[in-house]
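For the numbers below, each heavy atom of this structure counts, side chains included, while hydrogens, waters and symmetry mates do not.
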Amino acid sequence: MPTDPRDGEAATGAVQAVIDAIYDSIAAGTLSPGQPIRQELLADRLGLSRQPVREALRTLASDGLLTYRRNAGFCARELSVAEFAQAYRLRQLLENEVLCDIREVAPAAITRLREINTAITAAAARHDLGAFRRLNTDFHFTLFELSGLDLFVTELRRIWLLTSIYRAIYASDPRVIDRIIAEHAAIVTALEAADLPRLVALHNQHREGTIEALTDRLRATETRTATA
């Protein structure tokens, strides 16, 4: 009997639902760094079988969001100021190089970036943080890929994946989401005007918002962990 393609889509959707739920839990603080994830409880909460939960946990472990501990299973990984600072410094160096290499931009690329930002706005309005996170990544890599620096962009994808949970924590505040959307719009306007110095400055400011918001929070978490 032929396989119904909708079955595969449903399975993929179930795995993504688990991934989104774990990101949301870490961002909201209900799943703490180092805390084990109870597969059966997560499956029951989401109304899913254990299979998509196991697949999602393996995916997140390979992405570096979770760790596997003997006798504990999958756990949320520890976050640190040092890792965060180094990763964001690397992001700044690579992203500035990429943005400075953008030359002529077709009108279709500007339209596409605005369409993605509109979709981000819609995801925020319906409180779909999982879609918001994926679309935010799409926005930035649609921008980065205009440079044609494929090796740089590939390395940026690795760093963005490593730091995805930090962005999820930052973007869990509705006020922050509104600011992200407005900053995206300004970035597209600078790109359309071919004003590269302004484009780079706006993108640096956009990234700095995450650094300013999370550094003190991460330090406070490390202090509590050290004194516990």
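With sequence neighbours excluded, the residues satisfying side-chain contact (heavy atoms from CB on, under 4.5 Å) with Q51 are S49, R54, E55, R58.
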Worksheet item: Stepwise, does the side-chain contact (heavy atoms from CB on, under 4.5 Å) test hold for V153 with S147?
Response: CA-CA 9 Å; V153 173; S147 69; 4.3 Å; yes
Fill in: T215/R219 under side-chain contact (heavy atoms from CB on, under 4.5 Å): CA gap, chis, key distance, verdict
CA-CA 6 Å; T215 299; R219 282 186 180 135; 3.4 Å; yes
Practice prompt. Give the C-alpha distance, both sets of side-chain angles, the deciding distance and a yes or no for side-chain contact (heavy atoms from CB on, under 4.5 Å) between L162 and D63.
Written response: CA-CA 7 Å; L162 175 68; D63 289 347; over 6 Å; no
Fill in: Evaluation steps, salt bridge (Lys or Arg N to Asp or Glu O under 4.0 Å), between R207 and E212
CA-CA 9 Å; R207 189 188 317 102; E212 292 171 4; over 6 Å; no
Worksheet item: Could you go step by step and tell me if R134 and D20 meet the side-chain contact (heavy atoms from CB on, under 4.5 Å) rule?
Response: CA-CA 10 Å; R134 291 189 293 278; D20 287 346; 2.8 Å; yes
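The two atoms that bring L202 and A190 nearest to each other are CD1-CB, 3.9 Å, heavy atoms only. Closest heavy-atom contact between V176 and A171: CG1-CA, 4.1 Å. Closest heavy-atom contact between L79 and P33: N-CB, 4.3 Å. Minimum interatomic distance between R103 and L196 (heavy atoms only, all atoms of both residues): NH1-CD1, 4.1 Å. Closest approach of Y88 and T210 over heavy atoms only: OH-CG2, 3.6 Å.
The distance from atom CD1 of I181 to atom OG1 of T118, rounded to the nearest 0.5 Å, is 9.5 Å. To the nearest 0.5 Å, the span separating CG on L31 from CD1 on I26 amounts to 5.0 Å. Atom CD1 of residue I19 and atom CG of residue L65 lie 9.5 Å apart, to the nearest 0.5 angstrom. In this structure, L90 CG and I159 CD1 are separated by 4.5 Å, a value rounded to the nearest 0.5 Å. Taking OH of Y23 as the reference point, atom CD1 of I169 lies at 10.5 Å (rounded to 0.5 Å). Atom CD1 of I165 sits about 12.0 Å away from atom CZ of F84, to the nearest 0.5 Å.
The closest side-chain heavy-atom distance from L191 to I187 is not below 4.5 Å. With a 4.5 Å cut-off on side-chain heavy atoms, T121 and I177 do not count as touching. Here the side chains of I102 and F144 are not in contact, with every heavy-atom distance at 4.5 Å or above. Two residues are said to be in side-chain contact when any heavy atoms from C-beta on lie closer than 4.5 Å; R133 and L129 meet this criterion. When side chains are defined from C-beta on, E83 does not count as touching T163, because their heavy atoms never get closer than 4.5 Å. No side-chain heavy atom of L199 sits less than 4.5 Å from a side-chain heavy atom of D195. Counting heavy atoms from C-beta outward, C75 and Y68 have side chains that stay 4.5 Å or more apart. Residues L60 and F74 have side chains not in contact (no heavy-atom distance under 4.5 Å, counting atoms from C-beta outward).
Figure legend: cation-pi geometry between R157 and F141, with NZ or CZ positioned under 6.0 Å from the six-membered ring centre and within 45° of its axis.
Q35 contributes a side-chain N or O that, together with a main-chain N or O of S32, makes up a donor-acceptor pair within less than 3.5 Å. Distance alone, capped at 3.5 Å, is enough to place a donor-acceptor pair between the R77 side chain and the G64 backbone.
When the options E145, E95, H206 are evaluated for a side-chain hydrogen bond (donor to acceptor under 3.5 Å, both in side chains) with H140, the one that passes is H206.
Atom CZ of R50 has more than 12 heavy atoms from other residues, nucleotides or ligands within 6.0 Å. In this structure, R126 places its CZ atom where more than 12 heavy-atom neighbours from other residues, nucleotides or ligands lie under 6.0 Å away. The environment of CG in L151 is sparse: at most 12 heavy-atom neighbours from other residues, nucleotides or ligands sit within 6.0 Å.
Side-chain contact annotation: N204 with E208, donor-acceptor N/O pair under 3.5 Å absent. The closest side-chain donor-acceptor pair between Y170 and R167, if any, does not fall under 3.5 angstrom. Residues H184 and N136 bring a donor and an acceptor atom of their side chains to less than 3.5 Å of each other.
Under a 4.0 Å N-O distance rule, the pair R45/E40 does not qualify as a salt bridge.
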